[in-house]
Amino acid sequence: QVQLVESGGGLVQAGGSLTLSCTASGRTISMYAMSWFRQAAGKEREFVAAISWSGAATSYADSVKGRFTISKDTGKNTVNLQMNTVKPGDTAVYYCAAGRWGSAEYNYNYWGQGTQVTVSS
């Protein structure tokens with residue numbers, strides 16, 4: 001079992017930056033691909049970014065490519081999402097997930113509770 005806890009969400013102005021963190025416990029994240037998903041109010045949850053178990057490969061949704069960066073720190077058992085040049089459309093609850101590689105939710109067995117990110121215009 002893996003327990004995931006997200007942190008770092010909050011209110012940020014458009015054009016600003018924010019870093020989300022996901023701290024895992026129970027097992028080392030080096031065993032899993034890790035990802036971030038988000039869900040805006042009234043919309044379905046969508047893929048944001050993923051990083052492979054080794055950290056050698058990353059994948060991003062087109063909407064965040066070039067602005068967001070996913071990274072993992074196996075020493076701290078943490079995955080981060082650096083969000084730059086944020087837009088009001090990035091407003092959502094952001095979820096961390098652990099599982100196998102892919103952009104679909106069914107690839108991930110473990111999920112955090114989410115952290116709210118609100119981008120003001």
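Not measured: the values here are computed from a predicted model.
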(Q) Could you see if Leu81 belongs to whatever hydrophobic cluster contains Val12? Use Ile, Leu, Val, Met, Phe, Trp, Tyr and a side-chain cutoff under 4.5 Å. (A) yes

Q: Compare every heavy atom of Ile70 with every heavy atom of Ser35, then report the nearest pair and how far apart it is.
A: CA-CD1, 4.3 Å

Q | Side-chain (Tyr95) to main-chain (Glu6) donor-acceptor, under 3.5 angstrom | A | no

Q. Shortest non-hydrogen contact from Ala50 to Gly102?
A. CB-O, 4.3 Å

Q | Lys72 side chain to Ser52 backbone, donor-acceptor under 3.5 Å | A | yes

(Q) Using every non-hydrogen atom in the two residues, find where Ala92 and Ala40 come nearest and quote the distance to one decimal. (A) CB-N, 3.7 Å

(Q) As an exercise, state the distance from CZ of Phe37 to OG of Ser103, rounded to the nearest 0.5 Å. (A) 7.0 Å

Q. Say you draw a straight line from CG of Leu18 to OG1 of Thr115; how long is it, rounded to the nearest 0.5 Å?
A. 8.0 Å

Q. What is the distance from atom OH of Tyr32 to atom CH2 of Trp53, rounded to the nearest 0.5 Å?
A. 13.5 Å

Q.
For Tyr94 and Phe68, take the angle between the two ring planes, folded into 0 to 90°, and tell me which bin it lands in: parallel under 30, tilted 30 to 60, perpendicular over 60.
A. tilted

Q) If you measure from the Lys or Arg side-chain nitrogens to the Asp or Glu carboxylate oxygens, is any gap between Lys65 and Asp62 under 4.0 Å? A) yes

(Q) So Gln116 and Thr91, do their side chains get closer than 4.5 Å, heavy atoms only? (A) yes

Q | Inter-residue atom distance Tyr108.OH - Arg100.CZ, 0.5 Å rounding | A | 9.5 Å

Q: Examine distances only and state if a side-chain atom of Asn77 and a backbone atom of Arg27 form a donor-acceptor pair shorter than 3.5 Å.
A: yes

Q.
Let me confirm one number: the CG-OG distance from Leu4 to Ser25, rounded to the nearest 0.5 Å.
A. 7.5 Å

Q: Show your working on side-chain contact (heavy atoms from CB on, under 4.5 Å) between Met83 and Val119 and close with a plain yes or no.
A: CA-CA 11 Å; Met83 305 168 61; Val119 182; 5.8 Å; no

Q. Which heavy atom of Thr78 sits nearest a heavy atom of Ser21, and at what distance?
A. CG2-CB, 4.2 Å

**Q.** Working for side-chain hydrogen bond (donor to acceptor under 3.5 Å, both in side chains), residues Gln82 and Thr19
**A.** CA-CA 4 Å; Gln82 175 67 43; Thr19 301; 2.5 Å; yes

Q) Is Val2 close to Met31 at the side-chain level, that is, under 4.5 Å between some pair of heavy atoms? A) no

Q) With the 4.5 Å side-chain cut-off for hydrophobic clustering, are Leu20 and Tyr60 part of the same group? A) yes

Q. Do Met34 and Tyr110 belong together in a cluster built from hydrophobic side chains that touch within less than 4.5 Å?
A. yes

Q) Has Gln13 got more than 12 heavy atoms of other residues, nucleotides or ligands less than 6.0 Å from its CD? A) no

Q.
Minimum heavy-atom separation for Ile29 and Ala24, please, with both atom names.
A. CG2-CB, 3.4 Å

Q. Does Glu46 CD have over 12 foreign heavy atoms under 6.0 Å away?
A. yes

Q: For residues Trp36 and Cys96, determine if any side-chain heavy atom of one lies less than 4.5 Å from a side-chain heavy atom of the other.
A: yes

Q: Measure across Ser30 and Thr74 and return the closest heavy-atom pair with its distance rounded to 0.1 Å.
A: CB-CG2, 4.1 Å

Q. Hey, are the side chains of Val64 and Arg38 touching, using non-hydrogen atoms and a 4.5 Å cut-off?
A. yes

Q | Co-membership, hydrophobic cluster, residues Phe47 and Trp111, 4.5 Å side-chain | A | yes

Q: Taking the side chain as every heavy atom from C-beta outward, state whether Arg67 and Asp90 have any atom pair closer than 4.5 Å.
A: yes

**Q.** Distance (rounded to the nearest 0.5 Å) between Gln1 CD and Asn109 CG
**A.** 9.5 Å

